[in-house]
Amino acid sequence: MKIFLGSLFFIGVTPKTGVTPISYCDMIEVMIGKKKVITKKSEDFSRWYTDVVQQAELADYAPVKGCIIFRPYGYALWEGIKKALDAKIKAMGVENAYFPLFIPQEFLQKEKEHVEGFAPELAVVTHGGGKKLEEPLIVRPTSETVMYAMFSKWIQSWRDLPLKINQWCNVVRWEKRTLPFIRTTEFLWQEGHTAHAEHKEALDQVHAAAQAYEEIFKDYLAIYGITGFKSNSEKFAGAAASLSYEALMPDGKALQSSTSHDLGQNFAKAFEITFQDQKGKNQYVWQTSWGLSTRAVGGLIMVHGDDNGLFFPPQIAPIQIIIVPIYGGDEEGGLVKQYVSELKSKLIEFRVKVDSREEYSPGWKFNEWELKGVPLRLEIGPREVKSQTVMAIRRDTGDKTSITTSELTEKVTMLLKTQQKDALERSRKFTEENTHLVDTYDQFKEIMSGPRGFIKAFWCENPGCEAKIKEETKATTRCLPLDAVEEKGKCVYCDEPATHRWLFAQAY
RNA sequence: CGGGGAUUGGCGCAGUUGGCUAGCGCGCGGCGUUUGGGACGCCGAGGUCGUGGGUUCAAGUCCCACAUCCCCGACCA
């Protein structure tokens, strides 16, 4: 039942909240009655995002600013990412370990760029056990320093290398402006840290990590993106070079979804991590670090949702199939229940849930599970019992298919696979359609003040131009794509010679 | 951290120039009838109005501070 309030209210929407231009005062349809109020994604993207996060029970706000509670359904997404990524990390020969949450302040100060990069956003513990601490403790914003103090102790010989450690943990960064999953004060992530005898080996590790991330994003989360090198001003504080995976969100802003860093010997020198090589000579190690955070969950929500709520690609969906029984009358109801339990037992290889609640009508449940993004719904009522079929409905397209029980697993597998493939394809298509090849600064400005998106433009690699472009358009260099070809061009800002097209966008 | 908006049962809101017992819808609990796109009836529970000060005979309403959320900036995974 949809009831319009007597006078529809108007909400001012900035023209920048959608990739497709939207009018300044879009009417927001408000539904009262049985329907949860959800802002349409197509009308007000940022409000849709904060609405859907709460209404789908992914997360709730914590009493502390910028912190969220991962509710079971939201945490299940992180668990899914963790499971898939952990297997890839182990396959790279990396072992899991755990280092302390607290870091002595002096550790952080050992690497100059690192401390400068993180200083503004540190949480510091000044008291413990009722006493003021002699030396304040930092709540880790990342663990390079505390880990490398130990690496220095553990690494003596070339035989100790490579050392490959990963940890799954929480970190704290005191961000000024927060958004659930995308930028929270405390967040969960994995951070891999390796030490190698040769620079080349370290570089291989950096690329292997970036490759693993790209596979997680494409194969599991169905989020298309671009892997590339960060510019000097955008790279990690203390790194020699950084790689990132940049994904385009529906509002035309880019989400830096993971990073992997070539740390060179910067930290090795700061923390005295040396080894004796085969010739007996003492050398500094070459290091890498790489991370993927719960930000990825935010990307997942943004990229795939629609006006009806969430959509999770089957590989990552906590529930892949929701069975909604339609009970009908008493006698029929019994038959339906029995039929449903038979069918469920045939679907053990999938993550299946039966919504057997009798206090909600089927229609209510359809909407509920659409909001929650379950990719496939099976409707099973008296009609299906009679014909020995099920009705399958795709969350992404709404397409209905009647499936006979004999070919149930086969067809369900196909429907899930198709949705997984189509989701990545939609993401890829959206990204490509919103990637602009730009040669003049006027064009650049026009795109940034209009639809936004990715811009591929020549840049002379002078930090001054990068800073000016950011100041004037909000766009920053996102990365130099790995597949960028060397060309002769002119910097989009200053006309000086440039060799590559960089990827620009407004960052989240 | 700057600018703007918000905060009233679980959710969404109303609450007049300060005034009496703070309302409404949904949700929630009970009973009954229902079940193919957000069912219905009856009964019922639930609020020191974000927090702390202040003004006043009297504060949800006025003033100050703080907290949190949302939007826009500067900073960032």
Side-chain angles (χ1 to χ4, degrees), chain A residues 1-3 5 9 11-14 16-17 30-39 44-47 49-51 54-55 60-68 117-122 141-142 171-191 213 230 234 236-237 242 244-246 254-261 289-299 308 324-330 332-333 336 357-371 377 379-384 391 393 398 400 470-471 474 476 506-508:
Chain A
M1 176 174 48
K2 280 184 198 176
I3 301 172
L5 289 183
F9 62 90
I11 292 180
V13 178
T14 72
K16 287 188 175 175
T17 49
V30 173
M31 288 148 198
I32 58 174
K34 302 294 176 281
K35 187 153 185 165
K36 285 184 182 175
V37 178
I38 178 168
T39 308
D44 186 340
F45 177 70
S46 55
R47 201 174 142 179
Y49 180 79
T50 51
D51 276 2
Q54 288 203 75
Q55 287 173 11
D60 208 342
Y61 293 104
V64 177
K65 179 180 158 57
C67 293
I68 58 166
F118 283 102
E121 53 186 55
L122 294 178
T142 179
V171 291
V172 169
R173 299 182 187 179
W174 220 259
E175 301 291 353
K176 307 292 189 212
R177 193 174 171 189
T178 56
L179 186 63
F181 296 113
I182 299 293
R183 198 184 311 98
T184 48
T185 302
E186 178 188 5
F187 58 93
L188 307 180
W189 76 347
Q190 92 13 251
E191 47 178 324
Y213 293 147
K230 286 298 201 184
E234 294 281 335
F236 176 71
S242 292
S244 71
Y245 189 76
E246 300 288 335
L255 191 70
Q256 180 176 314
S257 308
S258 63
T259 48
S260 36
H261 314 296
S289 72
W290 24 278
L292 182 147
S293 74
T294 39
R295 166 175 275 195
V297 174
N308 295 325
V324 179
I326 295 150
Y327 295 118
D330 280 347
E332 288 174 321
V336 168
R357 296 174 294 179
E358 299 197 23
E359 64 271 29
Y360 294 108
S361 68
W364 192 93
K365 292 175 186 174
F366 298 163
N367 286 286
E368 175 77 1
W369 295 111
E370 279 168 13
L371 170 66
R377 178 173 81 238
E379 296 177 14
I380 300 173
R383 290 207 293 259
E384 282 72 26
M391 187 59 80
I393 294 92
K400 292 192 174 192
K470 182 179 181 183
E471 191 184 316
K474 295 184 190 168
T476 52
Q506 183 175 342
Y508 249 100

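Here is the naming used below: chain letters follow the sequence lines, and residue numbers restart at 1 for every chain.
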Set out, line by line, the N/O atom pairs under 3.5 Å between protein and nucleotides 50-53 of chain B.
none

Under 4.0 Å, counting only non-hydrogen atoms across every strand here, what does [X] touch: a base, just sugar-phosphate, or nothing?
X         : result
Lys230(A) : nothing
Tyr508(A) : base
Thr476(A) : nothing
Thr259(A) : nothing
Pro141(A) : nothing
Leu292(A) : nothing
Pro382(A) : base
Arg377(A) : base
Gly66(A)  : sugar-phosphate
Glu379(A) : base
Gln256(A) : sugar-phosphate
Tyr61(A)  : sugar-phosphate

Measure distances between side-chain N and O atoms of [X] and base N and O atoms of [N], and say whether any donor-acceptor pair falls under 3.5 Å.
X         : N       : answer
Arg173(A) : rC76(B) : no
Glu370(A) : rG38(B) : no
Glu384(A) : rG36(B) : yes

Point to revise | Residue whose nearest RNA chain B nucleotide is more 5′ - Thr50(A) or Glu121(A) | key: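 Residue closer to the 5' terminus by nearest nucleotide: Thr50(A).
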Check your understanding: Does Ser293(A) or Gly381(A) map to a spot on RNA chain B nearer the 5' end, using the closest nucleotide for each?
Key ->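 Here Gly381(A) is the residue nearer the 5' end.
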What does [N] pair with, Watson-Crick or G-U, if both distances are under 3.5 Å?
N       : value
rG29(B) : rC43(B)
rG60(B) : none
rC1(B)  : rG73(B)
rA65(B) : rU51(B)

Between [X] and [N], does any side-chain N or O lie under 4.0 Å from OP1 or OP2?
X         : N       : result
Tyr49(A)  : rC70(B) : no
Ser361(A) : rA39(B) : yes
Ser46(A)  : rC71(B) : yes

Using the [atom1] atom as the point on both nucleotides, what is the distance between [M] and [N], in whole Å?
N       : M       : atom1 : result
rG30(B) : rC72(B) : P     : 43 Å
rA74(B) : rU68(B) : P     : 22 Å
rA59(B) : rG50(B) : P     : 15 Å
rC20(B) : rG9(B)  : C1'   : 22 Å
rU8(B)  : rU61(B) : P     : 13 Å
rU17(B) : rG10(B) : P     : 29 Å
rU7(B)  : rG60(B) : P     : 15 Å
rA14(B) : rC49(B) : C1'   : 13 Å

For [X] and [N], give me the distance from atom [atom1] to atom [atom2], rounded to whole Å.
X         : N       : atom1 : atom2 : result
Leu371(A) : rG37(B) : CG    : C1'   : 15 Å
Arg357(A) : rG38(B) : CZ    : C1'   : 12 Å
Glu186(A) : rA77(B) : CD    : P     : 18 Å
Glu368(A) : rC26(B) : CD    : C1'   : 14 Å

Nearest to the side chain of [X], which nucleotide is it out of [options]?
X         : options                   : answer
Glu358(A) : rU35(B), rG37(B), rC76(B) : rU35(B)
Tyr360(A) : rC28(B), rC75(B), rG37(B) : rC28(B)
Pro362(A) : rA77(B), rG36(B), rC28(B) : rG36(B)
Leu179(A) : rU35(B), rC71(B), rG38(B) : rC71(B)
Arg383(A) : rC76(B), rU35(B), rG36(B) : rG36(B)

If we ignore hydrogens and angles and just use 3.5 Å, is the side chain of [X] paired with the main-chain N or O of [Y] as donor and acceptor?
X         : Y         : value
Arg173(A) : Thr185(A) : no
Asp51(A)  : Thr39(A)  : yes
Arg295(A) : Gln256(A) : yes
Gln190(A) : Leu292(A) : yes

Are any protein N/O atoms closer than 3.5 Å to N/O atoms in nucleotides 1-5 of chain B? If there are, list each pair with its distance.
residue : atom : partner   : partner atom : Å
rC1(B)  : N4   : Lys176(A) : O            : 3.2

For [X], which residues count as a side chain to side chain contact (heavy atoms under 4.5 Å, CB included) partner, sequence neighbours excluded?
X         : answer
Thr184(A) : Ile68(A), Phe187(A)
Glu358(A) : Tyr327(A), Lys337(A)
Ala119(A) : none
Thr50(A)  : Tyr61(A), Leu179(A)

Check your understanding: Are Val336(A) and Pro325(A) close enough that some pair of their side-chain heavy atoms sits under 4.5 Å apart?
Key ->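 Yes, at least one pair of side-chain atoms sits under 4.5 Å.
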Review point. Are any non-hydrogen side-chain atoms of Thr142(A) and Phe118(A) less than 4.5 angstrom apart?
Key: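 When only atoms from C-beta onward are counted, Phe118(A) and Thr142(A) do touch, with a gap below 4.5 Å.
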Practice item. Could I get the full list of salt bridge (charged side-chain N to carboxylate O under 4.0 Å, His left out) partners for Arg357(A), not counting sequence neighbours? Key: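 For Arg357(A) the salt bridge (charged side-chain N to carboxylate O under 4.0 Å, His left out) partners, ignoring immediate neighbours, are Asp355(A).
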**Study point:** Non-neighbouring partners of Glu186(A) that pass salt bridge (charged side-chain N to carboxylate O under 4.0 Å, His left out), sequence neighbours left out
**Key:**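 Counting only residues at least two positions away or on another chain, Glu186(A) forms no salt bridge (charged side-chain N to carboxylate O under 4.0 Å, His left out).
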**Study point:** Basic-acidic side-chain contact under 4.0 Å: Glu246(A), Lys230(A)
**Key:**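 Between Lys230(A) and Glu246(A) there is a salt bridge, with a charged N closer than 4.0 Å to a carboxylate O.
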Check your understanding: Of all residues at least two apart in sequence or in a different chain, which pass the ring pair (Phe, Tyr, Trp, His ring centres under 6.0 Å) check with Tyr213(A)?
Key ->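 Expected list: none.
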